[in-house]
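Encoded as structure tokens, the structure appears first; notes follow it.
Note: hydrogens, waters and symmetry copies are ignored here, and every other heavy atom, side chains too, is used. Letters A, B, ... mirror the listed sequences (proteins, then strands); counts begin at 1.
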There are 2 protein chains.
Amino acid sequence: MSFTYEFERPSLTVDCVVFGVDESTLKILLIERGIEPFAGQWALPGGFVRMHEDLESAALRELSEETGVTKLYLEQLYTFGAAERDPRGRVVTIAYYALVRLADHRVRAATDARDAAWYAIDDLPPLAFDHRKIVDVARERLRGKVRYKPIGFELLPHKFTLTELQKLYEIVLERALDKRNFRKKILGMELLVALDEVEAGVSHRAARLYKFDTRRYKRLVRQGFNFEI
Amino acid sequence: MSFTYEFERPSLTVDCVVFGVDESTLKILLIERGIEPFAGQWALPGGFVRMHEDLESAALRELSEETGVTKLYLEQLYTFGAAERDPRGRVVTIAYYALVRLADHRVRAATDARDAAWYAIDDLPPLAFDHRKIVDVARERLRGKVRYKPIGFELLPHKFTLTELQKLYEIVLERALDKRNFRKKILGMELLVALDEVEAGVSHRAARLYKFDTRRYKRLVRQGFNFEI
DNA sequence: CCAAAAGTGTTCACGGTACACCCATGC
DNA sequence: GCATGGGTGTACCGTGAACACTTTTGG
């Protein structure tokens with residue numbers, strides 16, 4: 001089977017930068033390519049867009065196929081279309097970035113991926129194509145967005161301590177935050193619900209657990225509230 | 001001549017939302033389509049991406065061909081790829097938004113465009129495809145970005161009065177600003193150069209003209225300065 | 001009792017906001 | 001001289017930033 005067109009057409013792919021936080025390290029999910037070009041090299045999970053699927057669906061499908069990751073926050077990042085970015089010919093890729101609760105996801109490689117693994121963002125292997133550039137753009141976007149949308153919670157377990165939350169912001173923003181000011185600010189927003197529960201298995205005073213109140217957040221947004229760290 | 005591929009490929013287009021400000025009205029540039037589908041309807045300027053040109057080059061080329069507009073600020077907006085957005089079949093479009101000094105541009109229609117004209121953003125005709133949605137996303141993006149990047153100046157003549165600048169922000173942000181506070185803030189950034197010149201042809205006290213100091217802005221940014229209105 | 005992290009308030013500086021009148025110019 | 005917009009300063013308040021000690025728990 002083949003398809004014939006009057007004009008040449010570029011190929012269309014999607015690629016995903018999947019962020020996760022593990023023990024105070026920001027990581028992204030990579031696959032080891034099983035096929036040429038760049039076979040054996042690490043790359044972003046992604047692949048060709050099918051004819052009848054939306055772009056976001058394509059991103060979700062590729063992620064699921066190649067890495068087993070399914071439930072996540074996904075958002076379009078940018079479209080990379082430099083004429084020479086792929087040695088196979090003209091390939092335009094729509095990049096997405098995603099946030100996952102890393103503990104929830106046992107990754108497993110499949111389809112075109114020989115392997116799948118989490119890499120610390122500050123210690124990435126050489127990446128195929130222009131994927132390094134895509135990662136840099138994604139990180140920059142995450143840094144920007146985390147400050148005015150409560151997307152950071154997508155990276156944490158549903159129940160978390162204030163210290164974990166602060167650490168997360170410190171990792172993403174790449175700077176230290178003052179403990180008292182951070183708590184005052186975040187609690188002042190009244191978006192967190194204090195649970196009747198504390199962390200377990202620590203050899204010091206156990207911290208209270210909180211959860212993010214999505215309902216309340218949506219209500220406040222409708223009233224003109226702006227999240228900001 | 002024709003091209004044959006093993007797998008189906010979507011078509012790829014670019015579309016541009018070109019903003020201009022005219023007499024305190026925010027306008028965008030539309031073309032009247034000369035060919036099907038939607039012949040005779042208004043639409044965003046745009047067209048198919050060629051095989052060997054970058055996406056941004058394609059956007060600039062289409063703009064120039066269809067409307068005669070050339071020198072402008074251009075930035076990628078978002079990629080729209082819903083499976084059913086184009087009746088001709090699968091067409092993915094990379095949308096750009098652009099800012100121009102409206103007075104500099106005599107528009108003229110050409111190629112696939114029967115006509116080209118500026119329309120007030122609040123009084124648009126029905127648009128072809130999903131272009132209305134693209135316009136809405138672009139407007140939202142402009143509103144957001146104008147506050148923390150000095151892109152508003154791209155919409156004004158090189159020499160402008162403080163009142164013109166304030167009007168511009170009021171139009172884009174859709175709210176009134178306090179004159180004294182606005183001036184204090186904008187002059188305090190030291191990004192404007194007061195010229196030895198005042199506006200002409202007004203029947204009241206003539207306002208001083210200013211220009212934006214790009215050099216100085218870049219220097220300040222390197223030192224960690226953040227523009228913000 | 002020691003180590004480790006949890007939890008908690010106050011002060012100060014700065015920037016945002018509200019607000020009203022005189023001035024210069026053209027007709 | 002009048003209509004029109006240009007241009008200017010101050011007072012208040014809320015938010016961001018700096019900063020250190022006591023409490024709780026497990027080992």
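Checking B:T163 against B:R183 by side-chain atom types alone, a donor-acceptor pair falls below 3.5 Å. Under the 3.5 Å distance criterion, with hydrogens and angles disregarded, no donor-acceptor pair is assigned to the side chains of B:T70 and B:S64.
Partners of A:R132 under the side chain to side chain donor-acceptor pair (under 3.5 Å) rule, at least two apart in sequence or in another chain, are A:D136. Applying the side chain to side chain donor-acceptor pair (under 3.5 Å) rule to B:D22 yields the partners B:K27; only residues at least two apart in sequence or on another chain are considered. Residues passing the side chain to side chain donor-acceptor pair (under 3.5 Å) test with A:D130, sequence neighbours excluded: A:R85. Taking B:E164 as the reference, nothing meets the salt bridge (Lys or Arg N to Asp or Glu O under 4.0 Å) condition, with sequence neighbours excluded.
Ring geometry, B:F153 versus B:F212: the interplanar angle falls under 30°, so the pair is classed parallel (tilted spans 30 to 60°).
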Taking only distance into account, with no hydrogens and no angle test, what donor-acceptor pairs under 3.5 Å do side-chain atoms of residues 222-229 of chain B form with protein atoms, sequence neighbours excluded?
none

List the atom pairs, with distances to 0.1 Å, where a side-chain N or O of residues 187-207 of chain A and a protein N or O form a donor-acceptor pair under 3.5 Å, not counting sequence neighbours.
| unit_1 | atom_1 | unit_2 | atom_2 | d |
| --- | --- | --- | --- | --- |
| A:E190 | OE1 | A:R216 | NH2 | 3.2 |
| A:E197 | OE1 | A:K159 | NZ | 3.0 |
| A:E197 | OE2 | A:K159 | NZ | 3.3 |
| A:E199 | OE2 | A:A207 | N | 3.0 |

Check: residues 119-128 of chain B side-chain donor-acceptor pairs under 3.5 Å, at least two apart:
| unit_1 | atom_1 | unit_2 | atom_2 | d |
| --- | --- | --- | --- | --- |
| B:Y119 | OH | B:W42 | NE1 | 3.4 |
| B:D122 | OD1 | B:R139 | NH1 | 3.2 |

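Of the residues in residues 195-206 of chain A, those placing a heavy atom less than 4.0 Å from an atom of DNA chain D are A:V202, A:S203, A:H204, A:R205, in numerical order. A heavy-atom distance below 4.0 Å to DNA chain D is reached by these residues of residues 155-170 of chain B, ordered by number: B:T163. Looking at residues 221-229 of chain B, you'll see that no heavy atom sits under 4.0 Å from any atom of DNA chain D.
Bracketed by its first and final contacts, the part of DNA chain C lying under 4.0 Å from non-hydrogen atoms of chain B reaches from C:dG16 to C:dG26 in 5' to 3' order.
When ring centroids are compared, B:F160 and B:Y210 stay outside the 6.0 Å threshold.
For the pair B:Y210 OH and D:dG6 C1', the computed distance is 10 Å after rounding to whole Å. Atom CZ in A:R147 sits about 17 Å away from atom P in D:dT15, given to the nearest Å. Taking atom CZ of A:R183 as the reference point, atom C1' of D:dT23 lies 13 Å away to the nearest angstrom.
With respect to A:V18, the side-chain contact (heavy atoms from CB on, under 4.5 Å) criterion is satisfied by exactly one of A:L30, A:V100, A:L74, A:I28: A:V100.
By the 4.0 Å N-to-carboxylate-O rule, B:R175 lies too far from B:E170 to be salt-bridged with it.
Applying the 6.0 Å contact sphere to CZ of A:R147 captures no more than 12 heavy atoms from other residues, nucleotides or ligands.
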Polar atom pairs (N or O), protein with nucleotides 19-21 of chain D, under 3.5 Å:
| unit_1 | atom_1 | unit_2 | atom_2 | d |
| --- | --- | --- | --- | --- |
| D:dC19 | N3 | A:R180 | NH2 | 3.3 |
| D:dC19 | N4 | A:D178 | OD2 | 3.2 |
| D:dA20 | N1 | A:R180 | NH1 | 3.4 |

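Side-chain contact between A:V107 and A:L29 is present, with at least one heavy-atom pair separated by less than 4.5 Å.
A:R208 comes within contact range of the sugar-phosphate backbone alone, with a heavy-atom separation under 4.0 Å but no base atom that close.
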